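Within every chain, numbering begins at 1; the chains are lettered A, B, ... in the order of the sequence lines, protein sequences first and strands thereafter. Bear in mind that the values here come from a model prediction, so they are computed numbers and not experimental data. Computed over heavy atoms, backbone and side chain alike; hydrogens, waters and symmetry mates excluded.
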Amino acid sequence: MCRYPAGFYSTDQAMIENVSAALDLFLHAENFLVIAIGVLVGLIVGAIPGLTAVMAVALALPFTFHMAPIPAILLLVGIYKGGVLGGSISAILIRAPGTPAAACTTLDGYPMTRKGEGRKALLAALYASCIADFVSNFSLILFAGLLATIALRFGPPEYLWLVAFSLTVVIAISSGSLLNGLIAATTGMIVAMIGLDLVYGTERLTFGSMQLMGGISFVPMLIGLFAIPEVIGYYEGGIRAGAIAGPDSSKMSWRELRRCLPTILRGSGIGVIIGAIPGAGPTAAAFLSYGVSKRISKRGDLFGTGEVEGVCAAEAGNNGVAGATLIPLLALGIPGDVVTAVILGAFMIHDLSPGPLLFRDNLGLIYAIFMGIMLSSIVLFVFGRFVMATFAKVTQIPQRLLMPMLFVCCVYGSFAVNNNMFDVYLMLVFGILGYTMIKIKMPAAPFLLGFILAPKFEDNLRRALLIGDDWTVFFRSATCWIFIALFLFSLCWGLKREWQDFRRARIDRKELQRSGQPS
Amino acid sequence: MKFRTRGWGQFAKSDLLIGLCVTLLSLSFFFVVAPAAIELPRGISHFALSPLFLPQVLAAVAAALGLAVALRGRGRQTGDGGSSEVAGAASRQSSLRRISRPATALALLTMTVVTSPWAGMTLASAVAVGGLLLLGGERRIWIYALLGGAVPYITTFLFQAVLNVPIPGGLLFD
């Protein structure tokens, strides 16, 4: 009597055949080489202010025309992953994030550098990134189908509530000055409105300028908001002959890593869920992970002052997206962002169409890509350690030499985005704005978050209204209600804490007055 | 001219000023800038679909927040009002130096950006690097040659030859 159901042996046999076909496709020196090159190039490009992973992936696409499909895809994926981690290097060392998501890493990474713990911050970013990347890859391999099904349930009303929930993170990252943070976020949202209207195509706040019709480019804005104030601020703060920090021999201990592990896993989970939703983006994941961890962690009050857990939270959220963002692409053929759109282009160049049919007809190829993606996480760790050890030496360069070089990188990087001097002018304008914001104690991170999320918020608001006849469309599904609950919970929790801090400060002030001490 | 140390009164006064500025700017945006600078298409079926809707909502929110900041500053001012004042030539001089250095740095950055299209980005950056090194107190000539001379040119080469970005060469080379 047969122990297994009829056909089970044939399913098992098919699985073995697919895996052996995948190994046959994957086990070539070329694949290992392109993964190594891709990750290394991505790390270096991402670490230079103004150059992004997206740019590097787009530039590498033509090189893949004459390659076989698997090395072509793996090269682009390697560059993307390296670029995401590389963006954190400049964010931590010189407060010039390579990507909007890396701006979240700046919140704790740069203060750590100033305290002489830059190497530790880089290592924390590396460990968090690699663990999150691994988790993300596993999710891609094991749960692609399930996550793709969940992603399909997301329509405009669901997206809207997800974005609203992400915006409540502003409360967490504005601690100490909630009102100022909210003003910064609101201003960022208004600046994001510049350009052509998403639905009608009419001009908004362009003032007749053709350059502004495409909106404000986020890379020059990012560089201007974070890096240029550092350059100007250095010359204000009394010339310090020395480096950013003293000799740095800080390390991340095993105990610290263990302490940060729950934060990393939580951030990875958030990154995977957000990454699986097309268009949600790593910025929301990074800031959400940071905001949630800040509230839950016992060291939440230290976030923003150079707390290693803050770096881990931001990086885990950011890198948790990397593998998961391939889920809608591979499972459904829907690119979730610019990078996956370029990777989709690579598939099409090689006459492949990602989606359910690819899983049915070319499972060996899919498995080979999965193997390469898993290997890229290991390569990322190995090369990341080397590159970070090298880049960490930047903190030892005297600032009077570093700042002029940083400025040159910012100018060239801003120009390189669109080969347009207008972006360089924008960088300068946002640099002055960023410096002014520092002087009036207005945080830049909420501004950036508002800028990134506002178009998604407005786009989904209007799409939902176009789909539905009235406002009830925003409450149409269980997914909507889940995010409404999360939104309200996050809002109330954040406001409650702020109110408690405000009352405590007022009581302290009154006591000081009563005791006759100057406040 | 008297210069104040950063007492509670000074901080409160700046809050009041910032709050009022934000409120004023937001209201100007709501009533003047947005209606003038945002084109409205015909036949909008729902007010929330209008291109003007979200910008005006955000401006209203910013105005309310600005008012809250101003009230907070006012509340702190009437509560304490104390600020210590330190007057003297020495503090005046150091304050002037504190303002003049970043102002010079900003002027150099602006000059680089403005002159890049006609002088070329490489030359403009080289001049800016030299100026910033001088402002930073660097005295070694070979550093000026290395950073001011070599770095912009190497960067230009990297962007042009490797990354295929056409860096502006200015009137002479474009």
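Top candidate by heavy-atom pairs under 4.5 Å with chain B, chosen from A:Val45, A:Asn180, A:Ile228, A:Val231, is A:Asn180. Ranking B:Val114, B:Leu158, B:Val22, B:Val113 against chain A, the residue ahead of the rest is B:Val113, based on heavy-atom pairs under 4.5 Å. Of the listed residues (B:Gly148, B:Ala126, B:Ser125, B:Ala59), the greatest number of heavy-atom pairs within a distance under 4.5 Å of chain A belongs to B:Ser125. Among the candidates A:Ile190, A:Leu182, A:Val408, the residue making the largest number of heavy-atom pairs closer than 4.5 Å to chain B is A:Ile190. Residue with the most contacts toward chain B among A:Ile432, A:Val199, A:Leu428: A:Leu428 (heavy-atom pairs, distance under 4.5 Å). Chosen from B:Val61, B:Thr155, B:Leu106, B:Val69, the residue pairing most often with chain A at heavy-atom distances under 4.5 Å is B:Thr155.
Taken from CZ in A:Arg462 to CG in B:Leu49, the straight-line distance is 6.5 Å, to the nearest 0.5 Å. Atom CG of A:Asp197 and atom CD1 of B:Ile38 lie 9.0 Å apart (nearest 0.5 Å). Within the model, atoms CZ of A:Arg204 and CG of B:Leu40 stand 10.5 Å from one another, a figure rounded to the nearest 0.5 Å. The OG atom of B:Ser116 sits 9.0 Å away from atom CZ of A:Phe415, with the distance rounded to the nearest 0.5 Å. Distance CZ/B:Arg139 to CZ/A:Arg400: 10.0 Å, rounded to 0.5 Å. With rounding to the nearest 0.5 angstrom, the CZ atom of B:Phe53 is 8.5 Å from the CG atom of A:Leu465.
Taking the side chain as every heavy atom from C-beta outward, B:Leu132 and A:Met403 never approach each other to under 4.5 Å. When side chains are defined from C-beta on, B:Leu108 does not count as touching A:Tyr235, because their heavy atoms never get closer than 4.5 Å. Side-chain contact between A:Ile183 and B:Ile18 is absent, with no heavy-atom pair separated by less than 4.5 Å.
For A:Thr186 (side chain) and B:Ala62 (main-chain N/O), no donor-acceptor pair under 3.5 Å exists by modelled atom type.
Contact of B:Val129 with chain A is made through backbone and side chain together, with heavy-atom distances under 4.5 Å. For A:Tyr412, the parts lying near chain B are the backbone and the side chain together; criterion is any non-hydrogen pair under 4.5 Å. Neither the backbone nor the side chain of B:Thr104 comes within contact range of chain A; no heavy atom of the residue lies under 4.5 Å from a heavy atom of that chain. A:Met189 touches chain B through backbone and side chain together, each having a heavy atom under 4.5 Å away. Neither the backbone nor the side chain of B:Ser26 comes within contact range of chain A; no heavy atom of the residue lies under 4.5 Å from a heavy atom of that chain. At a 4.5 Å heavy-atom cutoff, the contact between B:Ala128 and chain A is made by side-chain atoms alone. Both the backbone and the side chain of A:Tyr425 come within contact range of chain B, judged by heavy atoms closer than 4.5 Å. Only the side chain of B:Ile143 comes within contact range of chain A, judged by heavy atoms closer than 4.5 Å. The contact between B:Leu147 and chain A is made entirely by side chain atoms (from C-beta outward), counting heavy-atom distances below 4.5 Å.
Shortest non-hydrogen contact noted between A:Gly413 and B:Phe159 is N-CZ, 4.2 Å. Nearest heavy atoms, B:Leu133 versus A:Pro404: CD2-CG, 4.1 Å.
In summary, the side chains of A:Tyr200 and B:Ser50 do not present any donor paired with an acceptor at a separation below 3.5 Å, with no hydrogens or angles considered.
Shown here is A:Arg503, whose CZ atom has no more than 12 heavy atoms of other residues, nucleotides or ligands within 6.0 Å.
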